[in-house]
> 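One structure is given below, represented as structure tokens, and several questions about it will come after.
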Amino acid sequence: MVFSRSNEQFATRISIDGNILEKKSSTKLLGMWISEDLSWSKHCQEICKMAIARLSLITKLKYVGVETEDLIEIYILFIRSITEYCSVVFHSSLTIEQSAKLEKIQKTCLKIILGDSYVNYEATLEMCGLQTLADRRVQRCLNFALKAVKHPKNHRLFPLNPVQSEHNTREREKYEVNFARTSSYQNSTIPFCQRLLNAHAMKG
């Protein structure tokens, strides 16, 4: 696999024992789809496909009379978990469209579970004690970062800002945020988590 965002096509002649290796545009690694253009389009597409395939589980259980509370628990365990697997890695790089596709999975499940009782998404979330998938992914990123800063080996990922002045310390960000020359890196996991940590520190 040749990682590049260039529109140019790259050809490789890498071979082992005389056999030229096949070039792939994407591959599944530890449950995540990695694409040569470093986007999450393929991964988002695949997890949506997996989650939608399990909607029939909710439909069948509702048909046989399973209680609403149990259906919500089943949704959380067997469908929502798919959308959140390794979400810390890809959340900050999702496009608005990709995020909306993931959110639609939860909306659809809640419509099936509540049936005629479904009013709107916001009211349903409050009634069921759920958050939007986007909000949950942000919280998971923050939890990851908070756990990471407690480990001494992660000080390079989340370094503290050097004390420059005793004045305006409330306005000074507690953690350094990596400089980003491109929007792709700016929206990647580590800089995103660094900004989350600073926002969390200011609230605290």
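These numbers were taken from a predicted model, which means no experiment stands behind them. Positions are given from 1 along the sequence.
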> When you compare the side chain of I47 with that of W33, does any pair of heavy atoms fall below 4.5 Å?
no

> Any side-chain heavy atom of K107 sitting closer than 4.5 Å to one from T124?
no

> How about N178 and Y185: do any of their side-chain heavy atoms sit closer than 4.5 Å?
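Yes - at least one pair of side-chain heavy atoms lies under 4.5 Å apart.
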
> Would you check, one step at a time, whether the test side chain to side chain contact (heavy atoms under 4.5 Å, CB included) holds for R136 with L130?
CA-CA 9 Å; R136 281 186 56 82; L130 299 173; over 6 Å; no

> Using side chain to side chain contact (heavy atoms under 4.5 Å, CB included) as the criterion, list what pairs up with S87, not counting sequence neighbours.
E84, F90, R137, R140

> Got L57 and I79 here, is their nearest side-chain heavy-atom distance under 4.5 Å?
no

> Can you tell me how far SG of C109 sits from CZ of R80, rounded to the nearest 0.5 angstrom?
11.0 Å

> Would you say the side-chain atoms of T189 pair up with the backbone N or O of V89, donor to acceptor, closer than 3.5 Å?
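Yes; judged by distance alone, with no hydrogens or angles, the pair exists.
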
> Which pairs with one or both residues in residues 52-86 pass ring pair (Phe, Tyr, Trp, His ring centres under 6.0 Å), sequence neighbours excluded?
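Sorted pair list comes back empty.
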
> What distance do L38 atom CG and S93 atom OG have between them, rounded to the nearest 0.5 Å?
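The CG atom of L38 sits 9.5 Å away from the OG atom of S93.
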
> Begin with the C-alpha distance, continue with both residues' side-chain angles, and end with the deciding distance and a verdict on side chain to side chain donor-acceptor pair (under 3.5 Å) for Q139 and N143.
CA-CA 6 Å; Q139 187 61 49; N143 291 343; 2.9 Å; yes

> Taking only residues at least two apart or on different chains, which pairs with a member in residues 52-79 satisfy salt bridge (Lys or Arg N to Asp or Glu O under 4.0 Å)?
none

> Using the test ring pair (Phe, Tyr, Trp, His ring centres under 6.0 Å), find all partners of Y175 that sit at least two apart in sequence or belong to another chain.
none

> Are any side-chain N or O atoms of N161 and backbone N or O atoms of K174, one a donor and one an acceptor, separated by less than 3.5 Å?
no

> Establish whether M202 and V177 are linked, either directly or via other cluster members, by ILVMFWY side-chain heavy-atom contacts under 4.5 Å.
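Different clusters.
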
> Using side chain to side chain contact (heavy atoms under 4.5 Å, CB included) as the criterion, list what pairs up with T95, not counting sequence neighbours.
E97, Q98

> Do I82 and L30 belong to the same hydrophobic cluster, where Ile, Leu, Val, Met, Phe, Trp and Tyr are linked whenever their side-chain heavy atoms lie under 4.5 Å apart, directly or via other members?
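Yes; tracing contacts between hydrophobic side chains, which count when under 4.5 Å, links both residues.
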
> Could you state the interatomic distance from OG (S26) to CE (M32), rounded to the nearest 0.5 Å?
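With rounding to 0.5 Å, OG (S26) is 13.0 Å from CE (M32).
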
> Mind listing the closest non-hydrogen atom pair of L71 and V66 along with its distance?
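Shortest heavy-atom contact: CD1-O, 3.7 Å.
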
> With heavy-atom distances below 4.5 Å as the criterion, would you say the side chains of L94 and L102 are in contact?
yes

> Please determine whether side chain to side chain contact (heavy atoms under 4.5 Å, CB included) holds for the pair L55 and I52, giving the CA-CA distance in whole Å, both sets of side-chain angles, and the decisive distance to 0.1 Å.
CA-CA 5 Å; L55 290 181; I52 291 172; 4.1 Å; yes

> Salt bridge check: are E46 and K42 linked by an N-O gap of less than 4.0 Å?
yes

> Taking side chain to side chain contact (heavy atoms under 4.5 Å, CB included) as the definition, give me every residue that meets it alongside T59, ordered by chain and number, with sequence neighbours left out.
I112

> CH2 of W40 to NE2 of H91: how many Å apart, nearest 0.5 Å?
13.0 Å

> Please answer whether the main-chain N or O of L133 pairs with a side-chain N or O of E103 as donor and acceptor at a distance below 3.5 Å.
yes

> Closest approach of A145 and C193, non-hydrogen atoms and distance?
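Distance-wise, the nearest heavy atoms are CB-CB, 4.0 Å.
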
> Is there side-chain contact between K101 and C48, with at least one heavy-atom pair below 4.5 Å?
yes

> Is I76 close to I72 at the side-chain level, that is, under 4.5 Å between some pair of heavy atoms?
yes

> If you compare all heavy atoms of D37 against all heavy atoms of S39, which two are closest, and at what distance to 0.1 Å?
OD1-OG, 2.9 Å

> Dump the intermediate steps for side chain to side chain contact (heavy atoms under 4.5 Å, CB included) on L125 and L110, then the final yes or no.
CA-CA 9 Å; L125 289 176; L110 292 178; 4.0 Å; yes

> For a quick test of reading the model, state the closest non-hydrogen atom pair linking L196 to L142 and the distance between them.
CD1-N, 3.8 Å

> Kindly compute the distance separating CZ (F158) from NZ (K150), expressed to the nearest 0.5 Å.
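It is 13.5 Å, given to the nearest 0.5 Å.
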
> Is any side-chain heavy atom of N187 closer than 4.5 Å to a side-chain heavy atom of F192?
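Sidechains of F192 and N187: no contact.
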
> Would you give the length of the straight line joining atom CD1 of I190 to atom OG of S92, rounded to the nearest 0.5 angstrom?
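Rounded to the nearest 0.5 Å, the CD1-OG separation comes to 9.0 Å.
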
> Determine the minimum heavy-atom distance between F144 and V88, stating which atoms define it.
CD2-CG1, 3.8 Å

> K24 and E36: which non-hydrogen atoms are nearest, and at how many Å?
O-OE1, 3.8 Å

> Around atom CG of L77, are there more than 12 heavy atoms of other residues, nucleotides or ligands at under 6.0 Å?
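Enclosed.
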
> State whether the side chain of Q106 and the backbone N or O of Q131 hold a donor-acceptor pair below 3.5 Å, judged by distance alone.
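Here the side-chain-to-backbone pair exists.
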
